[in-house]
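Take a look at the structure set out below.
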Amino acid sequence: MPELPEVETVVSYLRPHLEERIIIGFNAHWPRVTAPALPEDFARQVTDRTIGAVQRRGKYIILDLDRGNIHLHLRMTGRLLVLSPSEADRQSHITAEFDLSDSRRLVFRDMRKFGRVGYLDDLAPLEARLGPEPLSPQFTPRVFHRLLQGRQRRIKPLLLDQSFIAGLGNIYVDEALFLARIHPETPASRLTFARTKVLHRAIQDILMESIQHSGTTIINFQYGEGNTGRFREKLRVFRREEQPCSVCGTPLVKIRVAQRGTYLCPACQLP
DNA sequence: CAGAGCACCTGTGGGC
DNA sequence: TGCCCACAGGTGCTCT
């Protein structure tokens with residue numbers, strides 16, 4: 001479900017509810033939610049810890065603790081809610097709950113049960129598996145171009161690879177490639193510096209615009225008390241096959257790239 | 001290194 | 001109405 005803008009939206013919602021609270025208990029309703037750790041081990045590591053900053057890194061939500069960090073990943077259908085116990089008890093598909101010192105609960109709901117939570121003393125192992133943040137000042141067109149050089153992969157699967165760049169998913173890759181007029185199967189190393197600059201700009205624009213609209217709700221994404229992202233109506237290609245291209249009017253097409261549904265304008269987007 | 005296939009899960013929508 | 005299949009915002013593993 002969530003990509004960078006949706007995770008950022010969730011973090012903004014969670015922050016005022018979690019900062020300065022103490023975790024007084026943890027309960028896994030679905031034991032694998034803490035995989036590969038066991039729920040009892042995770043519970044021991046986080047119980048009685050105070051939550052400091054609430055942050056995002058790629059698609060991970062990071063809760064800084066007075067010692068160590070909790071990382072949460074929503075995968076496809078995960079949601080995080082801060083509720084009173086009576087409200088929490090009414091939720092379906094709960095995979096885990098944290099009891100907080102203000103007698104509220106952080107509830108992890110996840111229909112498909114792909115979402116995970118874990119504890120790390122040090123974020124280095126997580127950091128090692130993630131590429132740069134696309135909205136960070138260090139991510140410049142020149143850095144991006146250097147990263148692309150020598151990569152024989154097609155640009156779409158490469159942009160989906162979290163160790164190459166962190167936070168992009170199926171929606172925003174398709175949208176950014178459309179804005180940049182780049183065919184998703186273009187070999188990465190073929191992109192000139194000029195086209196790389198355009199793509200860099202497209203990625204940043206699409207992410208910032210979506211964050212402003214609290215992300216995109218296709219099916220499941222919600223934050224807080226059932227709010228949905230408003231960016232869906234701004235999507236130019238994603239899930240719009242057969243509709244006219246907003247630039248040239250050619251019907252948009254859906255193809256499959258690296259096993260993922262991929263939407264593009266066959267006239268505008270060039271290899 | 002690149003890519004395909006499959007696994008992990010549940011729900012929804014389309015076709016018959 | 002009911003059944004079966006494909007598909008879904010993600011990621012990680014194995015095998016070629």
Side-chain angles (χ1 to χ4, degrees), chain A residues 1-11 28-37 56-61 71-80 91-96 108-118 125-126 128-131 147-177 184-190 203 206-207 210-211 213-223 227-242 254-263:
Chain A
M1 162 178 67
E3 307 179 30
L4 187 156
E6 292 75 37
V7 177
E8 189 69 37
T9 299
V10 171
V11 164
H29 294 228
W30 171 252
R32 296 179 58 183
V33 72
T34 56
R56 180 191 59 74
R57 175 70 172 101
K59 299 176 193 172
Y60 286 91
I61 295 157
H71 52 92
L72 303 115
H73 199 301
L74 304 174
R75 294 285 182 96
M76 295 286 270
T77 55
R79 293 185 202 174
L80 289 169
Q91 304 299 312
S92 56
H93 306 294
I94 297 180
T95 55
F108 199 164
R109 290 184 65 179
D110 189 5
M111 196 169 68
R112 291 180 72 179
K113 301 177 181 172
F114 289 164
R116 292 290 180 269
V117 57
L126 188 140
R129 294 187 294 110
L130 294 176
L147 290 173
L148 290 169
Q149 293 317 296
R151 302 303 300 253
Q152 293 310 299
R153 292 174 80 180
R154 298 165 296 175
I155 187 65
K156 170 160 180 175
L158 189 60
L159 293 177
L160 287 174
D161 182 341
Q162 303 299 298
S163 68
F164 179 78
I165 183 170
L168 296 178
N170 212 30
I171 297 176
Y172 300 108
V173 165
D174 282 3
E175 293 294 315
L177 289 172
E185 298 186 290
T186 307
S189 59
R190 273 193 48 184
I203 289 169
I206 205 81
L207 293 177
S210 182
I211 289 169
H213 292 264
S214 304
T216 302
T217 297
I218 296 293
I219 298 169
N220 285 303
F221 174 65
Q222 292 191 354
Y223 64 96
N227 305 297
T228 55
R230 302 181 308 278
F231 196 65
R232 183 177 190 168
E233 58 204 74
K234 306 283 183 182
L235 297 177
R236 293 162 172 91
V237 291
F238 191 78
R239 293 216 174 180
R240 293 176 61 87
E241 69 270 37
E242 293 172 34
K254 177 181 183 181
I255 63 174
R256 213 153 252 284
V257 179
Q259 285 94 246
R260 308 297 301 275
T262 298
Y263 304 85

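In this text the structure is predicted, and so the values were computed from the model without any measurement. Chain letters run A, B, ... following the sequence lines, proteins first, then strands; residues in each count from 1.
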Would you measure the distance from the P atom in C:dC13 across to the matching atom in B:dC9 and give it in whole Å?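 It works out to 15 Å between them.
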With rounding to whole Å, what would you report as the distance between B:dA4 and C:dC7 at their P atoms?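 It works out to 15 Å between them.
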Run through DNA chain B and report every stem of 3 or more consecutive Watson-Crick or G-U pairs, distances under 3.5 Å, ordered by first number.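 Consecutive-pair runs (3 or more) involving DNA chain B: B:2-8 with C:10-16, B:10-16 with C:2-8.
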Of all the nucleotides listed ([options]), which has the minimum atom distance to the side chain of [X]?
X: A:Gln259; options: C:dT11, B:dG5, B:dC9; answer: B:dG5
X: A:Arg256; options: C:dC7, C:dG12, B:dC9; answer: C:dC7
X: A:Tyr263; options: C:dG10, C:dA8, B:dG11; answer: C:dA8

Would you say a side-chain N or O of [X] is under 4.0 Å from OP1 or OP2 of [N]?
X: A:Lys59; N: C:dG10; answer: yes
X: A:Arg260; N: C:dG10; answer: yes
X: A:Arg116; N: B:dC8; answer: no
X: A:Lys254; N: C:dC7; answer: no
X: A:His73; N: C:dT11; answer: yes
X: A:His93; N: B:dG11; answer: yes

Does atom CZ of A:Arg230 have more than 12 heavy-atom neighbours, drawn from other residues, nucleotides or ligands, at distances under 6.0 Å?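 More than 12 within 6.0 Å, yes.
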Heavy-atom contacts under 4.0 Å between residues 150-160 of chain A and DNA chain B, which residues?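 Output list: A:Arg151, A:Gln152, A:Arg153, A:Arg154.
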I'd like to check the salt bridge (charged side-chain N to carboxylate O under 4.0 Å, His left out) partners of A:Arg154; sequence neighbours left out, ordered by chain and number.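 Per chain and number, A:Arg154 pairs via salt bridge (charged side-chain N to carboxylate O under 4.0 Å, His left out) with A:Glu185.
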Does a salt bridge link A:Arg75 with A:Asp110, judged by any charged N lying under 4.0 Å from a carboxylate O?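 Looking at A:Asp110 together with A:Arg75, the answer is no, because their closest N to O distance does not fall below 4.0 Å.
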Starting from C1' on B:dG11, measure out to CE on A:Met111 and report it in whole angstrom.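 In whole Å, B:dG11 C1' and A:Met111 CE are 5 Å from each other.
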Do we see A:Phe114 stacking on the base of B:dC8, given a limit of 5.5 Å between centres and 30° between planes?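 Per 5.5 Å and 30° rule: yes, stacked.
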If you assign each of A:Arg112 and A:Arg129 to its closest nucleotide in DNA chain C, which residue comes earlier from the 5' end?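 Mapping each residue to its closest nucleotide by heavy atoms, the 5'-most match is A:Arg112.
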So which atom in A:Gly58 and which in A:Ala166 form the shortest heavy-atom distance, rounded to 0.1 Å?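 Smallest heavy-atom distance, with atoms named: CA-CB, 3.7 Å.
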